[in-house]
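Ligands are counted one by one from 1 in listed order, and the atoms in each one are counted from 1 as well.
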Amino acid sequence: MKPIVYVTRKLPDEAIAALGDQVEVRMWKEEETPVPRDILLKEAAEATAIWSMLSDAIDRELIEKAPNLKIISNLAVGYNNIDLDAARDNGVIVTNTPDALTEATADLTFALLLSTARRLSEASRALRAGEWKAWTPLGFTGQDVYGATIGIIGMGRIGEAVARRAKGFGMRVLYHNRTRRRFEDFIYSDFDELLKESDFVVLLTPYTSETAGMIGERELGLMKETACLINVARGGIVDEKALEKALKDGGIWAAGLDVFEQEPVPTDHPLLSLPNVTVTPHIGSASIQARHAMMQLNAEAILACIGKKEVQNRVC
Ligand code: NAP
């Protein structure tokens, strides 16, 4: 019997073809809807490999009910949807897709930063609604990006790629990590100082117990009234209620959000009604090239594991 690979979302034929014919591929055939929990549990119970999406909860219950499971390969660099302790306890390898999405996600981060600073979505919506009656001296004026200070919290692969882009815009680059890194052009900063000094605070840490709620009322209170918060990391890193208040009260100037505590974010979410919030639907890595490269990494990891070879991009 061939080992079973369960793919939790419909993926393009060429991505699946990369698995070859040594495995039996089973797949949730919907592109838009995540696999229901009961079906996921049933499929996991027989699978040797799970090719998972960031929207799947791969928790202890699932891992313990999957006796044949050897590898979970997540189509994302983040893996906060997977219980790593449970995977370790059960000898299951977990892999992600670093590097392949770094530049694409940095592009989106910078696009969101520019869009937020210059109010692109607000201006575009107004034009389409017929609200553009005349050119006005201060109509839709935003914040300068060129020459401003960017503060990157989470200076890893994507953070560094954003910093490079920022340099091209003549920005002063501050960053904060738990571990200081060596850079010629980018300045390490204490967390609070970064919040106080930055015109753009960009979040690019993983979502962990340490970073959950990292930006709340206190941190937003330290930011400049003219500052923008850009979150392309994970929604739960920001306290959304505190953010809503800061945006309404003028505590900060604007926010650009690619990620939300609950995804898909409900359309009646209060943040979506604020004009100074620019939103995108978790599309950080969504370039055709990056997504295909990510899928290639998943397929390679699954095949290496099944073929008892060294598995790349392990997170455990
Ligand atoms: P990475 O290379 O691991 O970088 C993460 C950085 O965060 C590291 O430099 C790490 O440095 C820092 N960090 C971790 N915990 C921290 C803490 N408590 N306080 C301050 N800094 C902390 O990861 P990456 O590839 O750049 O990806 C970063 C994250 O972006 C992913 O985990 C994912 O959640 C998110 N992401 C989102 C999208 C999207 O579509 N929106 C796409 C890709 C990635 P230290 O360990 O020294 O602290």
Side-chain angles (χ1 to χ4, degrees), residues 9 52-56 74-82 84 94-113 115-116 150-166 173-183 186-195 198 201-216 219 229-238 255-265 278-295 297-298 312-316:
R9 197 69 68 89
S52 57
M53 311 298 128
L54 54 81
S55 46
D56 302 319
N74 211 35
L75 184 67
V77 69
Y79 44 85
N80 50 288
N81 58 312
I82 301 172
L84 289 194
V94 176
T95 70
N96 66 346
T97 60
D99 302 320
L101 47 51
T102 294
E103 301 299 335
T105 309
D107 283 345
L108 187 278
T109 307
F110 222 82
L112 197 53
L113 184 155
S115 187
T116 305
I150 186 173
I152 300 171
I153 301 176
M155 187 71 150
R157 289 171 291 244
I158 303 169
E160 195 179 332
V162 169
R164 279 191 270 108
R165 284 156 178 75
V173 181
L174 307 180
Y175 77 94
H176 179 78
N177 264 2
R178 289 167 306 176
T179 328
R180 191 178 186 145
R181 298 181 56 195
R182 279 176 203 278
F183 293 113
F186 312 140
I187 306 157
Y188 182 80
S189 169
D190 167 76
F191 182 67
D192 284 4
E193 283 308 310
L194 179 148
L195 292 170
S198 300
V201 173
V202 176
L203 305 178
L204 279 166
T205 65
Y207 182 53
T208 64
S209 55
E210 254 182 72
T211 62
M214 183 190 239
I215 302 295
E219 291 73 23
L229 178 74
I230 308 296
N231 187 8
V232 182
R234 285 293 183 266
I237 295 170
V238 177
L257 308 171
D258 185 48
V259 287
F260 301 87
E261 272 174 10
Q262 185 190 335
E263 294 185 0
V265 62
T278 300
V279 288
T280 46
H282 202 146
I283 54 168
S285 67
S287 77
I288 296 164
Q289 295 81 355
R291 285 286 164 83
H292 282 276
M294 291 160 69
M295 290 176 203
L297 292 182
N298 291 130
Q312 304 296 321
N313 301 317
R314 285 181 68 158
V315 294
C316 88

Audit row: L229, L203, side-chain contact (heavy atoms from CB on, under 4.5 Å) steps and yes/no: CA-CA 8 Å; L229 178 74; L203 305 178; 4.1 Å; yes

Taking heavy atoms and a distance under 4.0 Å, where does [X] meet ligand 1: side chain, backbone, both or neither?
X: N80; answer: neither
X: V232; answer: both
X: R178; answer: both

Q) Judged by non-hydrogen atoms, does A233 sit under 4.0 Å from ligand 1? A) yes

Next on the checklist: With a cutoff of 4.0 Å, is R181 in contact with ligand 1, counting heavy atoms of the residue only?
Outcome noted: no

Q) Salt bridge between R165 and D107, side-chain N to carboxylate O under 4.0 Å? A) yes

Practice item. For I152 and L174, run side-chain contact (heavy atoms from CB on, under 4.5 Å): C-alpha distance rounded to whole Å, both residues' side-chain angles, the deciding distance at 0.1 Å, then the answer. Key: CA-CA 6 Å; I152 300 171; L174 307 180; over 6 Å; no

Looking only at protein heavy atoms, which one is nearest to [atom], and what is the separation?
atom: atom 31 (C) of ligand 1; result: V77 CG1, 3.8 Å
atom: atom 4 (O) of ligand 1; result: G156 CA, 3.2 Å
atom: atom 28 (C) of ligand 1; result: L204 O, 3.3 Å
atom: atom 47 (O) of ligand 1; result: T179 OG1, 2.6 Å
atom: atom 30 (O) of ligand 1; result: I158 CD1, 4.0 Å
atom: atom 12 (C) of ligand 1; result: N177 OD1, 3.5 Å
atom: atom 22 (C) of ligand 1; result: T205 CG2, 3.7 Å
atom: atom 23 (O) of ligand 1; result: R157 NH2, 3.5 Å

Does the side chain of [X] reach to within under 4.5 Å of the side chain of [Y], using non-hydrogen atoms?
X: H176; Y: M155; answer: no
X: V162; Y: L113; answer: no
X: P206; Y: N80; answer: no

Atoms of ligand 1, numbered as shown, that sit under 4.0 Å from any heavy atom of [X]:
X: M155; answer: 9 (O)
X: E210; answer: 18 (N)
X: S285; answer: 40 (O)
X: H282; answer: 39 (C), 40 (O), 41 (N)
X: V259; answer: 41 (N)

Could you tell me if R9 and S55 have a donor-acceptor pair between their side chains, going purely by distance under 3.5 Å? yes

Hydrogens and angles aside, do N313 and T95 bring a side-chain donor and acceptor to less than 3.5 Å of each other? no

| task | Please confirm whether M214 comes within less than 3.5 Å of ligand 1 when only nitrogen or oxygen atoms on both sides are compared. | result | no

query: For T105, is at least one N or O under 3.5 Å away from an N or O on ligand 1?
result: no

Output yes when a side-chain donor or acceptor of [X] lies under 3.5 Å from a complementary backbone atom of [Y], and no otherwise.
X: Y79; Y: L54; result: no
X: T211; Y: M214; result: no
X: D258; Y: V232; result: no

side-chain contact (heavy atoms from CB on, under 4.5 Å) filter on E261, not counting sequence neighbours, yields E240

Can you tell which of [options] gets a heavy atom nearest to [atom]?
atom: atom 34 (O) of ligand 1; options: E160, H176, R234; answer: R234
atom: atom 13 (N) of ligand 1; options: P98, G235, P206, S209; answer: P206
atom: atom 7 (O) of ligand 1; options: G154, A76, G78, A104; answer: G154

Subject >> Between F183 and Y175, ring centroids under 6.0 Å >> reply: yes

Of R157, Q289, R164, the one forming a side chain to side chain contact (heavy atoms under 4.5 Å, CB included) with E103 is R164

